[in-house]
Amino acid sequence: MCGIFGIIGHEDSSRLAYFGLYALQHRGQESAGIASWEDSGGGRAHVQAGMGLVHDVFSEEALRHLPGDAAIGHIRYSTTGRPERRNAQPLVARMRGGIQLALAHNGNLINAAELRAELEDGGAIFQSSSDSEIFIHLISHGLRGKSLEEAILGACARVEGAYSLIILANGKLIALRDPHGFHPLSVGRLGGAWAFASESCAFDLLEAERLREVRPGEMMVVERGSPDCRSYELSHPAPVRQCIFELVYFARPDSIIFGEDVYQCRKRMGLELIREAPAEADCVLPFPDSGIYAALGVAQGAGLPYEHALIRNHYMGRTFIQPSQSMRQFGVRVKINPVHSMIENKRLLVVDDSIVRGTTVRTRVAKLRDMGAREVHFRVSSPPVRHPCFYGIDFPSTGELVAARHAPENLAALLGLDSLHYLSLDGLRRSVSRPGDYCTACFDGKYPTALPRVRDKYSLEHDPGQAGAV
């Protein structure tokens, strides 16, 4: 749950990285950072990073301190390593041979605890609690008698799990995806500059041309002043298992990822959903914003009016003043407020992309009931989330997942619904072009790798007793 961006060959690289991160802000709101490479005076890396949103971290003055024609950026939502300044990326290190390296990582390593213990036993000193720093140490160790590219490929051969990486080293830009291709990463051009981004919406903002995706298990290398991009293959191939939840929820609807138009995928999920479970209703309404596009498919498939009867306040930032305990309902209302005339005495068909813990759904359904809704039918455009994610999507432990503890018919009563239906896994697969290329472990428990036992989402502790793919 992070966003990464890189560009090389443009005099305004840091400013373009800023806007690229701005387009990717939905992928993380905890911290933001940019590292640039200035070629004058023998070459020098610069970095600025801090806690908060992109526009909170960077000012005009900050961008002036990031000179050069190459830059990478990162926005973070933590799944390993606590949300604090020392874990903000890009991570920057000075290595043997005068190499200054900056690294931005999206993903989660499942063998991080073992690798960290091994590196620390060998004398490595870690500056953060993030699993991303493991790459820094592995690359540094691999530079003994080898090129930077060889060292990076060697580091990737040691790690297991999900990683999309962008690396800036002495004016060389390197981008790669893990062999399973869990998370997206695309390559584009802006005039003579090369650019890489987690999602194509960043290219749209910059008016860059999206060329293609970095392939699972591919490393792409661009050097300053070169019009070409070299491609390498990682030495340990694996079945492609892209994260299907990126299409269900996480990616922006105007992006193209995994070769899929996210907007159209979500509409197809809605069409499949209403085919599986029609309902007698007066209108279809989404839980904004994540349910909007599936709800369009539901409305079209059902031939029902589509209404925005729940209005979201888009000006709520992370610094919003929290209400006191006595005002706790005010905190709910300030984010989503219903339109009375569209709810009272109506049979509502409500659509959302997922139910994780169930607390938000219960609160909003209770509000609809209080406002006089006659019936509330709930449709979810993904299967029940019954298993935690170990590859970078922030799903909690099994005990916190409401679908792991309650069957749909029992959950409907618990949430105060007249009916509840989740999209089937077959229906979800029919909504994408290459259903065999996706990881669906959060729905079916079939993990593509061996698993660690994670004590909490920030922990690097490991219990080998749970290793082994399901």
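Here the structure is a predicted model, which is why all the values come from computation and not from measurement.
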- request: Check step by step if salt bridge (Lys or Arg N to Asp or Glu O under 4.0 Å) holds for Glu120 and Arg116.
  value: CA-CA 6 Å; Glu120 288 177 333; Arg116 182 169 180 139; 3.3 Å; yes
- request: Go through the steps to decide whether Arg429 and Asp444 satisfy the test salt bridge (Lys or Arg N to Asp or Glu O under 4.0 Å), and finish with yes or no.
  value: CA-CA 13 Å; Arg429 288 174 173 145; Asp444 59 17; 3.7 Å; yes
- request: Might you work through the side-chain contact (heavy atoms from CB on, under 4.5 Å) test for Leu190 and Glu209, ending with a clear yes or no?
  value: CA-CA 6 Å; Leu190 180 61; Glu209 178 190 4; over 6 Å; no
Check against side-chain contact (heavy atoms from CB on, under 4.5 Å), Tyr232 and Glu149: CA-CA 9 Å; Tyr232 301 78; Glu149 288 87 344; 4.1 Å; yes
Step-by-step side-chain contact (heavy atoms from CB on, under 4.5 Å) determination, Arg268 to Arg430: CA-CA 8 Å; Arg268 288 196 294 272; Arg430 286 193 295 269; over 6 Å; no
- prompt: Can Glu160 and Thr449 be said to form a side chain to side chain donor-acceptor pair (under 3.5 Å), step by step?
  reply: CA-CA 8 Å; Glu160 299 173 13; Thr449 69; over 6 Å; no
message: Evaluate Tyr391 against Phe182 for ring pair (Phe, Tyr, Trp, His ring centres under 6.0 Å), listing each step before the verdict.
response: CA-CA 7 Å; Tyr391 308 116; Phe182 281 108; 4.3 Å; yes
task: Step by step, work out the salt bridge (Lys or Arg N to Asp or Glu O under 4.0 Å) result for Glu213 and Arg210.
output: CA-CA 8 Å; Glu213 296 188 44; Arg210 176 186 178 274; 3.5 Å; yes
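Looking only at side-chain heavy atoms (C-beta outward), Arg266 and Pro253 come within less than 4.5 Å of each other. Here the side chains of Ile393 and Cys442 are not in contact, with every heavy-atom distance at 4.5 Å or above. Considering only heavy atoms from C-beta on, Cys439 stays 4.5 Å or farther from Lys446 through its side chain. At a threshold of 4.5 Å between non-hydrogen side-chain atoms, the residues Met95 and Ile136 count as touching. Between Ile72 and Leu173, some side-chain heavy-atom pair lies under the 4.5 Å cut-off. Looking at Cys201 and Leu24, their side chains come closer than 4.5 Å, going by heavy atoms from C-beta outward. Taking 4.5 Å as the limit, some side-chain heavy atom of Ile152 sits within range of a side-chain heavy atom of Ile167. With a 4.5 Å cut-off on side-chain heavy atoms, Glu223 and Arg230 count as touching.
Ring geometry for His55 against Tyr22 counts as tilted: the plane angle lies between 30° and 60°, on a 0 to 90° scale.
Listed for the Arg189 side chain is a donor-acceptor partner under 3.5 Å among the backbone atoms of Ala193. Formation of a donor-acceptor pair under 3.5 Å by the Glu199 side chain with backbone atoms of Arg252 is found in this model. Remark: side-chain polar atoms of Gln89 are paired, donor with acceptor, to backbone N or O of His105 under 3.5 angstrom. Judged by distance alone, with hydrogens and angles left aside, the side-chain atoms of Ser13 form a donor-acceptor pair with the main-chain N or O of Gly68 at under 3.5 Å. Although no hydrogens or angles enter the test, the distance criterion places no donor-acceptor pair under 3.5 Å between the side chain of Glu276 and the main chain of Leu423. Distance alone, capped at 3.5 Å, is enough to place a donor-acceptor pair between the Asp131 side chain and the Leu109 backbone.
Taking the ring axis of Trp37 as reference, the NZ or CZ atom of Arg44 does not stay both within 45° of it and closer than 6.0 Å to the ring centre. For the pair Arg386 and Phe443, the cation-pi test (distance below 6.0 Å, angle within 45°) is failed.
Smallest separation of non-hydrogen atoms from Ser36 and Ser14: CB-OG, 3.5 Å. When all heavy atoms of Val380 and Asp353 are compared, the closest pair comes out as CG1-O, 3.6 Å. The heavy-atom pair separating Leu148 from Ala169 by the smallest distance is CD2-CB, 3.4 Å. Nearest heavy-atom pair, His180 versus Ala238, reported as atom, atom and distance to 0.1 Å: CE1-CB, 3.6 Å. The minimum heavy-atom distance linking Leu185 with Ser164 is given by the pair CB-OG, 4.2 Å. Taking each heavy atom of Gln242 and Pro216 in turn, the nearest pair found is OE1-CG, 4.4 Å.
A centroid separation of less than 6.0 Å is found between the aromatic rings of Tyr263 and Tyr293. If you look at Phe135 and Tyr163, their ring centroids are closer than 6.0 Å. Aromatic rings from Phe390 and Tyr447 are positioned such that their centres are separated by under 6.0 Å. Here the two rings, on His137 and Phe126, have centers that are under 6.0 Å apart.
For Ser128 and Ser130, the side-chain atoms include no donor-acceptor pair closer than 3.5 Å. Between the side chains of His46 and Glu38, at least one donor N or O sits under 3.5 Å from an acceptor N or O. Judged by distance alone, the side chains of Ser290 and Asp352 do bring a donor and an acceptor atom under 3.5 Å apart. Using a 3.5 Å distance cut-off with no hydrogens or angles, the side chains of Glu272 and Ser431 do not pair a donor with an acceptor. No side-chain donor from either of Ser381 and Tyr249 sits under 3.5 Å from a side-chain acceptor of the other. Defined by atom type and a distance below 3.5 Å, a donor-acceptor pair is present between the side-chain atoms of His183 and Glu246. Residues Thr398 and Arg405 have side chains that never bring a donor and an acceptor to within less than 3.5 angstrom of each other. Donor-acceptor pairing under 3.5 Å is recorded for the side chains of Glu260 and Ser433.
Heavy-atom neighbours of Glu207 CD from other residues, nucleotides or ligands within 6.0 Å: at or below the threshold of 12. Around atom CZ of Arg15, no more than 12 heavy atoms belonging to other residues, nucleotides or ligands sit under 6.0 Å away. Enclosure of atom CZ in Arg212 by more than 12 non-hydrogen atoms of other residues, nucleotides or ligands within 6.0 angstrom is indicated.
Using a cutoff of 4.0 Å between basic side-chain nitrogens and carboxylate oxygens, Asp437 and Arg434 are scored as salt-bridged.
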